[in-house]
Participant: 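Below you'll find the structure I mean.
Side chains are part of it too, since the values below use all heavy atoms of this structure and drop only hydrogens, waters and symmetry mates.
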Amino acid sequence: MALKIALPIPALPKFDPVTLAQTRARLVAWWDGGDPPDLEAIKAEIEAQDGPGKLSAKHKKLYVTASHIMWGPDRNFPTSPDLTAQLAAAVGAKKDATLACIGAGSGLISRTLLEQFGVKLIAYESDPTIRTLAEKAVKKIKARKNYVAKPYNGQLAGLAERQAELAMLLFQGGAADRAERGAFSILRLLKPSGQAIWFDLFSTEGEASLGFAKGIENRTFTTVDAFKEAAQAAGLTVVSEAECNLNFLAAISSCWSLIGKDFKKRQSALIKAGGQEAASLALHSIVTWKARAAAVRAGQLSARYIVVSAPA
């Protein structure tokens, strides 16, 4: 299916029409099976303004906004109610149980947990833009009274101690030190004998950085064993684990299909949000997640959950 992308709106002269046209050409070629955009060049352009290896507050906000526009509604990365339901069922989510979640994203996951499972949800989120988007999404549903959003700075002290019966950590992995931080975060959040689920993409061949899959955050992927070792060090007990490749890939395919159906609308929203920079960051987000999906299909990564329990 050929992708038709409108040229930039002439009424917005601050956006470079040549660069926008180049982005348009790259995306059309990629959509039709050609080479993907040069993400390293895009990243270099952004870092030239922000400094190597980091994004400014402005670009962090724009990256979230652009990702939310592309993957939405109510999500800043590809996910689905089916994948969320699989994780919630595995951890034992039920009506009126207090569930603390880190990494729920910009709304859809929170809505699914509240509406389908009836939990009392505490959503910890470090990014203020994601937090605001999620709050807007939850305000639309009847179960909003059971939702609390809290800022999270990545430190254990920022988490309420032993307030949750259940916990969910989504895409919080990376190197071994992040697995350790996640395990001790779970220990702090859970009441005695509470259960938590850790969901992420795990490397099948040791710690790895997989080209486009590492994303703009330059994340790495560690093994399941690395998290298990961290969990054991924190005094947690592994209860169960399972592969979620099918639901993960189905979520990406479903989101990608939606992008294709109303791309002109999304492109217009990107132009309004930030022109060329927003378009570049959106490209980075979608190529990143498609690369992660390709790595799962190739057996380099595994979408997987691990359920652990806190000491009694």
Side-chain angles (χ1 to χ4, degrees), residues 1-9 12 14-50 54-80 105-108 127 129-130 132-134 136-137 171 211-219 251-294:
M1 177 183 67
L3 179 65
K4 296 180 180 179
I5 305 178
L7 287 171
I9 298 172
L12 301 176
K14 67 177 181 177
F15 305 140
D16 176 7
V18 174
T19 312
L20 277 172
Q22 290 171 345
T23 299
R24 170 185 180 275
R26 291 204 307 269
L27 185 52
V28 170
W30 170 55
W31 183 282
D32 290 336
D35 293 333
D38 186 348
L39 295 191
E40 292 304 319
I42 292 172
K43 185 165 177 284
E45 291 173 8
I46 301 297
E47 287 186 345
Q49 301 176 57
D50 298 336
K54 63 180 181 179
L55 292 181
S56 66
K58 170 194 169 184
H59 284 130
K60 283 181 181 178
K61 181 177 181 178
L62 192 56
Y63 182 66
V64 170
T65 301
S67 298
H68 183 78
I69 290 169
M70 295 306 294
W71 296 114
D74 297 338
R75 49 195 154 198
N76 59 300
F77 56 83
T79 187
S80 70
S106 58
L108 184 137
D127 190 285
T129 305
I130 295 177
T132 299
L133 290 168
K136 287 181 179 178
F171 296 114
F212 288 156
K214 65 187 178 183
I216 208 163
E217 67 271 31
N218 284 323
R219 73 156 291 177
I252 291 183
S253 295
S254 176
C255 291
W256 188 240
S257 177
L258 290 175
I259 290 172
K261 288 177 180 177
D262 62 358
F263 190 87
K264 286 183 70 175
K265 178 180 177 182
R266 294 173 195 256
Q267 187 201 19
S268 176
L270 283 172
I271 290 173
K272 291 177 182 177
Q276 170 59 28
E277 288 181 326
S280 293
L281 290 167
L283 279 173
H284 214 299
S285 180
I286 52 185
V287 175
T288 292
W289 285 100
K290 283 179 72 71
R292 290 171 182 175

Participant: So, using side chain to side chain donor-acceptor pair (under 3.5 Å) as the criterion, who are the partners of Asp127 when residues are at least two apart?
Facilitator: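 By the side chain to side chain donor-acceptor pair (under 3.5 Å) rule, Asp127 matches no residue at all.
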Participant: Rounded to the nearest 0.5 Å, how far apart are CD1 of Ile69 and OG of Ser268?
Facilitator: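 It is 9.5 Å, given to the nearest 0.5 Å.
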Participant: Ser106 and Ala137: which non-hydrogen atoms are nearest, and at how many Å?
Facilitator: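 Heavy atoms only, the tightest pair is O-CB, 4.0 Å.
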Participant: Of all heavy-atom pairs between His284 and Thr288, which one has the smallest distance, and what is that distance?
Facilitator: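 The pair with the smallest heavy-atom distance is O-OG1, 2.7 Å.
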Participant: When you look at Lys290 and Phe212, which way does the side chain to side chain contact (heavy atoms under 4.5 Å, CB included) test go after all the steps?
Facilitator: CA-CA 9 Å; Lys290 283 179 72 71; Phe212 288 156; over 6 Å; no
Participant: Testing the basics here: between Cys255 and Thr79, what is the closest heavy-atom pair and its distance to 0.1 Å?
Facilitator: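 Closest heavy-atom pair between Cys255 and Thr79: SG-O, 3.8 Å.
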Participant: Apply the side chain to side chain contact (heavy atoms under 4.5 Å, CB included) test between Met70 and each candidate in Leu258, Leu283, Asn76, Ile259; give the one that qualifies.
Facilitator: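 Going through Leu258, Leu283, Asn76, Ile259 one by one, the side chain to side chain contact (heavy atoms under 4.5 Å, CB included) with Met70 is satisfied by Ile259 alone.
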Participant: Drop me the distance from Leu108's CG to Ser80's OG, to the nearest 0.5 angstrom.
Facilitator: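 The distance works out to 7.5 Å.
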Participant: Using the side chain to side chain donor-acceptor pair (under 3.5 Å) criterion, which residues pair with Ser285? Sequence neighbours excluded.
Facilitator: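 Ser67, Trp71.
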Participant: Can you tell me how far apart NZ (Lys60) and CD1 (Ile130) are? Round to the nearest 0.5 Å.
Facilitator: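 Spacing of NZ (Lys60) from CD1 (Ile130) equals 11.0 Å.
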Participant: Indicate the atoms forming the closest heavy-atom contact of Leu270 with Ala278, along with that distance.
Facilitator: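 So the two residues come closest at O-CB, 3.4 Å.
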Participant: Identify, with sequence neighbours excluded, every residue that meets salt bridge (charged side-chain N to carboxylate O under 4.0 Å, His left out) alongside Arg292.
Facilitator: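 Result, salt bridge (charged side-chain N to carboxylate O under 4.0 Å, His left out) vs Arg292: Glu217.
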Participant: Of the non-hydrogen atoms in Ala213 and Ala291, which two are nearest, and what is the gap between them?
Facilitator: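 It is N-CB, 3.7 Å.
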Participant: To check you understand the geometry: which heavy-atom pair defines the closest contact between Ala273 and Thr65, and what is its length?
Facilitator: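 The answer is CB-CG2, 4.1 Å.
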Participant: Treating Ser257 as the side-chain partner and Ser253 as the backbone partner, does any N or O pair qualify as donor plus acceptor under 3.5 Å?
Facilitator: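 The answer is no, because no donor-acceptor pair under 3.5 Å joins these two groups.
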